[in-house]
Amino acid sequence: MTPKAVFWDMDGTLVDSEPLHEAALVAAMRNVGLVPPADLHERVLGVAAWPVYEMMRDEFGLDLPFDDWIVRKYEHYLPLVESLRPRPGAIEVFDELRALGVQQAVVSNSDRLIVDANLRAVGLFFPGMKTVSRNDVRDGKPHAEPFLRAAYLADVDPAHAVAVDDSWPGAMAGLAAGMKTIFWPEKPMEGPPGAIVINSAGELRAQLGL
């Protein structure tokens, strides 16, 4: 049965932006003389900008205020947006749900600047589009607040909504919000206890009753 609402993570779930974020982060680190670790991707996947900054500062010796650091990262990221592509199958599901009148929102740990740039790049920017960025909440994922904010905007009981995310922090946020949570990682892996793990757009369609 199709749910009343579906709330989507953005980076890695709707759009294939994780490689762009990683490239921008690596460039920003090297620009200030830091050496990116081999497991950088795993350590920052789904994590908001501030905790990533804290890691850079505390573990790698970054000696810049947050505002200066994030400007450097975004200066590397924004020129890459024109090459951004949707995650295969995801936007097709989004559009099908939209045609059915299902409430939807994009719920991201990225800043508003990045959310808007990414969604414009892949054509997911239209009147009435609901989005929740890291700037719109006090506590980002893995806290429940971002998904609860989406439920409020959509005027839907969280228990009647589905959260779709590709990262552990995002899936944990969906579960904390009391939503049916679909964990769709970039590569097969176990998900947080209670999440429904899928590995394809076809499985996603089945879980959403399409």
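Computed from a predicted model, the values in this text were never measured in an experiment.
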When rounded to the nearest 0.5 angstrom, what distance separates CH2 in W8 from CH2 in W184?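 So the gap between those two atoms works out to 6.5 Å.
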Check whether E59 reaches the backbone of M55 with its side chain - one donor and one acceptor, N or O, closer than 3.5 Å. no
Using a strict cut-off of less than 4.0 Å between a Lys/Arg side-chain nitrogen and an Asp/Glu carboxylate oxygen, indicate whether R134 and E145 qualify as a salt bridge. no
Would L208 and L14 show up in the same hydrophobic cluster when neighbours are defined by side-chain heavy atoms closer than 4.5 Å? yes
Side chains of Q103 and K4 in contact at under 4.5 Å (non-hydrogen atoms): no
Quick one: pull up CG in L148 and CG in L153 and give me the separation to the nearest 0.5 Å. 11.0 Å
Would you check if the side chain of K180 reaches a backbone N or O of A195 as a donor-acceptor pair within less than 3.5 Å? no
Are V15 and V44 connected in the hydrophobic side-chain network, where two residues link if heavy atoms are under 4.5 Å apart?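 Same cluster.
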Say whether V81 and V26 are linked into one hydrophobic cluster, either directly or through other cluster members, by side-chain heavy-atom distances under 4.5 angstrom. yes
Which atom of P158 lies closest to which atom of A177, heavy atoms considered: CB-O, 3.4 Å
Over all heavy atoms of both residues, which pair between P88 and A201 is shortest? Give the atoms and the distance, please. O-CB, 4.0 Å
Is there side-chain contact between T131 and M129, with heavy atoms separated by less than 4.5 Å? yes
Y77-M10 co-clustered via ILVMFWY side chain contacts under 4.5 Å: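 Same cluster.
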Are V93 and I198 linked, directly or through other ILVMFWY residues, by side chains that come within less than 4.5 angstrom of each other? yes
Heavy-atom side-chain proximity of S110 to D11 below 4.5 angstrom: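 With C-beta onward as the side chain, the pair touches.
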OH/Y152: more than 12 non-hydrogen atoms of other groups inside 6.0 Å: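 At most 12 heavy atoms, drawn from other residues, nucleotides or ligands, come within 6.0 Å of this atom.
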Does any part of the side chain of S133, heavy atoms only, come nearer than 4.5 Å to the side chain of D111, both counted from C-beta? no
How long is the span from the CG atom in N118 to the OG atom in S108, to the nearest 0.5 Å?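 Between atom CG of N118 and atom OG of S108 there are 8.0 Å.
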Evaluate the side-chain proximity of V122 to I91: yes if any heavy-atom separation is below 4.5 Å, no if none is. yes
At what distance, to the nearest 0.5 angstrom, does OG1 of T2 lie from CG of L210? 5.0 Å
Could you check L119 against V106 for side chain to side chain contact (heavy atoms under 4.5 Å, CB included), going step by step and ending with a plain yes or no? CA-CA 9 Å; L119 296 181; V106 173; 4.2 Å; yes
For M29 versus P37, what's the shortest heavy-atom pair and its separation? CE-CD, 4.2 Å
Working note: N135 + L113, criterion side chain to side chain contact (heavy atoms under 4.5 Å, CB included); need CA distance, chi angles, decisive distance, verdict. CA-CA 9 Å; N135 307 112; L113 175 73; over 6 Å; no
How far apart are the C-alpha atoms of K73 and H21, what are their side-chain angles, what is the distance that settles it, and do they pass the side chain to side chain donor-acceptor pair (under 3.5 Å) test? CA-CA 9 Å; K73 189 208 168 181; H21 279 290; 3.1 Å; yes
Looking only at the side chains, is there a donor atom on one of D67 and Y53 sitting less than 3.5 Å from an acceptor on the other? no
What's the shortest heavy-atom distance between L80 and A24, and which atoms? CD1-N, 4.5 Å
Please find the pair of heavy atoms, one from F183 and one from E190, that lie closest to each other, and give the distance.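 Heavy atoms only, the tightest pair is CE2-O, 3.5 Å.
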Can you name the nearest heavy-atom pair linking M179 to A161, along with the distance? CB-O, 3.5 Å
State whether the side chain of S17 and the backbone N or O of L20 hold a donor-acceptor pair below 3.5 Å, judged by distance alone. no
Any side-chain donor near an acceptor of the partner, T13 and D166, under 3.5 Å: yes
Carefully, step by step, assess L124 and F94 under the rule side chain to side chain contact (heavy atoms under 4.5 Å, CB included). CA-CA 9 Å; L124 273 185; F94 186 103; 3.7 Å; yes
Ring of F126, cation from R98 - is the NZ or CZ under 6.0 Å from the centre and inside 45° of the axis? yes
Do other residues, nucleotides or ligands put more than 12 heavy atoms under 6.0 Å from E42 CD?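 Count over threshold, so yes.
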Please say whether more than 12 non-hydrogen atoms of neighbouring residues, nucleotides or ligands are located less than 6.0 Å from CG in D63.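 No, not enclosed.
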Can you tell if the side chain of L64 reaches within under 4.5 Å of the side chain of R72, non-hydrogen atoms only?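 A side-chain contact under 4.5 Å exists here.
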Can R205 and E96 be counted as an ion pair, charged N to O under 4.0 angstrom? yes
Would you say that D157 contacts H160 through its side chain, given a criterion of any heavy-atom pair below 4.5 Å between the two side chains?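 Contact flag for D157/H160 side chains = yes.
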Within the 4.5 Å heavy-atom criterion, are H41 and E186 side-chain neighbours or not? yes
In sequence, state the C-alpha distance, the side-chain angles, and the governing distance for N31 and H76, and then conclude on side chain to side chain contact (heavy atoms under 4.5 Å, CB included). CA-CA 10 Å; N31 187 252; H76 288 289; 4.3 Å; yes
Does the distance from a Lys or Arg side-chain N to an Asp or Glu carboxylate O, for R112 and D116, drop under 4.0 Å?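 Yes, this pair counts.
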Taking the basic N atoms (NZ, or NE/NH1/NH2) and the acidic carboxylate oxygens, is any pair closer than 4.0 Å for K141 and D165?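 Salt bridge flag = yes for D165 with K141.
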Report, as yes or no, whether the 6.0 Å neighbourhood of atom CG on D155 holds more than 12 heavy atoms from other residues, nucleotides or ligands.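 No, CG of D155 has 12 or fewer neighbouring heavy atoms, counting only those of other groups under 6.0 Å.
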In Å, rounded to the nearest 0.5 Å, how long is the span from CG of L100 to CG of D95? 11.0 Å
